[in-house]
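What you see below is based on every heavy atom in this structure, not just the backbone, and it leaves out hydrogens, waters and symmetry mates. Source: prediction; values computed, not measured. A note on names: the letters A, B, ... follow the listed sequences, proteins ahead of strands, and every chain is numbered from 1.
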Number of protein chains: 2
Amino acid sequence: MLRLSKLADYGVVLMAELARDPECGSHNARELAELTRLPFPMVGKVLKRLTRDGLLVSQRGIHGGYALARPAEQIPVSKVISALEGPVALTACGVAPGSCEHEPSCHVRTPWEYINRAITETLDRVTVADLVRPASAIAFAELGVR
Amino acid sequence: MLRLSKLADYGVVLMAELARDPECGSHNARELAELTRLPFPMVGKVLKRLTRDGLLVSQRGIHGGYALARPAEQIPVSKVISALEGPVALTACGVAPGSCEHEPSCHVRTPWEYINRAITETLDRVTVADLVRPASAIAFAELGVR
DNA sequence: ACATAGAGGACCGGAGAGGTCCTGTAAATA
DNA sequence: TATTTACAGGACCTCTCCGGTCCTCTATGT
């Protein structure tokens, strides 16, 4: 089913949760785990990775927590996914040339590149802000989706 | 990396190989395995599934083999993928409602639906014929891809 | 009848996803 | 400065499921 890993799925949910706060303030991992009802250890793991990739900023200590590194409108969903499960690509050749043993004899590589790009661009166009906007449908009009 | 299963990957390659034959004639599994350099048992497995799903027609017996069930222009890549790894969807909720335990408390479900649909439509628009057309770029223009 | 090729399974090993836990370090408060 | 809280960065484990093989049965042509 062309599955997204749970790590990436959780990441999207958590980013959206942070963006839901109108002030985009700081929330700690435990709080986010409760809000999203996701297992706390996983939430910690995901938040750490998102921080390392520069999508979140963290604050240690007693009133520590996480906050969006940039306004939600400037964070594409594709970045969230790639931070957690590597580059968005359907096939190995879309990630790095030479990573597929069949590359020399493969006749469908070029088309796959186009498909990969089309999908990447779709995920580039959706931002974290779109995930929390109530009237999402409007925001998605530009995707050409009914 | 938002991975496609190898089964589906092989399926696409095999469908393309069948479409490359200008007469779209019948080819047996062994022959296709040699042409694509994929392991023969896997080729058999994939071809069987594609046949069960009505994308290929098969002929048993001494001059048996497989051929496209329809003209390549009428076979979207999305069908090939879904025949081999189930419905195209990034999240469980995109496959069947109620399949995700977090559904009641999840706030990003609606946006995911739109994203799922955008990606599905991308894969719907590409046909097996596009995979073998030399000047693929032209065929992909309609995807809005550079 | 016999050789060939597909149909439909069962079956197996290993990689990797999903999940937990532990130790270290930074910050705030008293 | 001691203590508590929370993030940082791993190691580590379990178990599912993917990738792959193989075997038996049935259909077809010679």
Side-chain angles (χ1 to χ4, degrees), chain A residues 1-14 18 25-34 36-67 69 81 83-86 90-92 95 100-102, chain B residues 1-14 18 25-34 36-67 69 81 83-86 90-92 95 100-102:
Chain A
M1 84 159 188
L2 193 62
R3 202 171 95 275
L4 198 65
S5 74
K6 287 214 171 180
L7 226 55
D9 193 358
Y10 292 172
V12 171
V13 170
L14 289 166
L18 280 165
S26 178
H27 298 259
N28 69 35
R30 191 167 301 276
E31 191 183 342
L32 287 168
E34 282 164 12
T36 56
R37 307 187 191 219
L38 298 177
F40 170 62
M42 287 302 289
V43 169
K45 189 181 206 169
V46 170
L47 293 171
K48 281 180 244 178
R49 291 212 199 178
L50 292 172
T51 305
R52 211 183 328 175
D53 257 61
L55 298 177
L56 296 178
V57 288
S58 65
Q59 174 73 10
R60 291 189 179 188
I62 244 173
H63 293 121
Y66 295 90
I81 295 175
L84 292 161
E85 64 174 24
L90 295 187
T91 53
V95 178
C100 172
E101 50 168 329
H102 297 106
Chain B
M1 85 156 191
L2 192 65
R3 203 171 95 274
L4 198 67
S5 73
K6 287 215 172 181
L7 225 56
D9 192 358
Y10 291 173
V12 171
V13 170
L14 289 167
L18 280 164
S26 178
H27 297 260
N28 69 35
R30 190 166 300 277
E31 190 183 344
L32 287 168
E34 283 163 13
T36 56
R37 307 187 193 219
L38 297 178
F40 169 63
M42 287 302 289
V43 168
K45 188 182 209 171
V46 169
L47 293 171
K48 280 180 245 177
R49 292 211 198 177
L50 291 172
T51 305
R52 213 185 325 177
D53 257 61
L55 298 177
L56 296 177
V57 288
S58 65
Q59 174 71 12
R60 291 189 180 188
I62 241 171
H63 292 120
Y66 296 90
I81 295 175
L84 292 161
E85 64 175 25
L90 295 187
T91 54
V95 177
C100 171
E101 49 169 331
H102 297 106

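- Of the candidates dA3(C), dA8(D), dG20(D), the closest approach to any side-chain atom of M42(B) belongs to dG20(D).
- Both R52(A) and G61(A) lie close to DNA chain D; mapped to their nearest nucleotides by heavy-atom distance, the more 5′-ward contact belongs to G61(A).
- Using a 4.5 Å heavy-atom cutoff, the side chains of T51(B) and Y66(B) are in contact.
- Residue K48(A) places its side chain closer to dA8(D) than to any other of dA5(C), dG9(C), dA8(D).
- The interatomic distance linking L38(A) (CG) with dT20(C) (C1') rounds to 15 Å, in whole Å.
- OP1 and OP2 of dG18(C) both lie 4.0 Å or more from every side-chain N or O belonging to Y10(A).
- If you check dC18(D), dT5(D), dA7(C) against the side chain of R3(B), the one that comes closest is dC18(D).
- Under 4.0 angstrom from either OP1 or OP2 of dA7(C) there lies at least one side-chain N or O belonging to S58(B).
- The distance from atom CD of E31(B) to atom P of dA5(C) is 10 Å, rounded to the nearest whole Å.
- Remark: S26(B) OG to L32(B) CG distance equals 8.5 Å, nearest 0.5 Å.
- Between A8(A) and H63(A), the residue anchored nearer the 5' end of DNA chain C, judged by the nucleotide with its closest heavy atom, is A8(A).
- Nucleotide dA6(D) holds its P atom 11 Å from the CD atom of E34(A), rounded to whole Å.
- Annotation: the span from L38(B) atom CG to D9(B) atom CG amounts to 8.5 Å, rounded to 0.5 Å.
- In this structure, G65(A) reaches the sugar-phosphate backbone alone: every heavy-atom distance under 4.0 Å involves primed, P, OP1 or OP2 atoms, never a base.
- Atom CZ of R49(B) and atom C1' of dA7(C) are 13 Å apart (whole Å).
- Following rounding to the nearest Å, D53(B) (CG) and dA7(C) (P) show an atom-to-atom distance of 13 Å.
- Counting atom types as modelled, K45(B) pairs a side-chain N or O with a base atom of dG20(D) as donor and acceptor under 3.5 Å.
- In this structure, CZ of R60(B) is placed 12 Å from P of dG29(D), rounded to the nearest angstrom.
- Remark: the backbone N or O of L55(A) is not paired with any side-chain donor or acceptor of D53(A) at under 3.5 angstrom.
- Taking only distance into account, the side chain of K6(B) never meets the base of dG19(D) through a donor-acceptor pair shorter than 3.5 Å.
- Between the CG atom of L32(B) and the P atom of dA5(C) there is a distance of 12 Å, given to the nearest Å.
- Residue Q59(A) places at least one side-chain N or O closer than 4.0 Å to OP1 or OP2 of dA28(C).
- Between the NZ atom in K6(A) and the CD atom in E85(A) there is a gap of 13.5 Å [rounded to 0.5 Å].
- If you measure from atom CG of L7(B) to atom P of dC17(D), you get 15 Å, rounded to the nearest angstrom.
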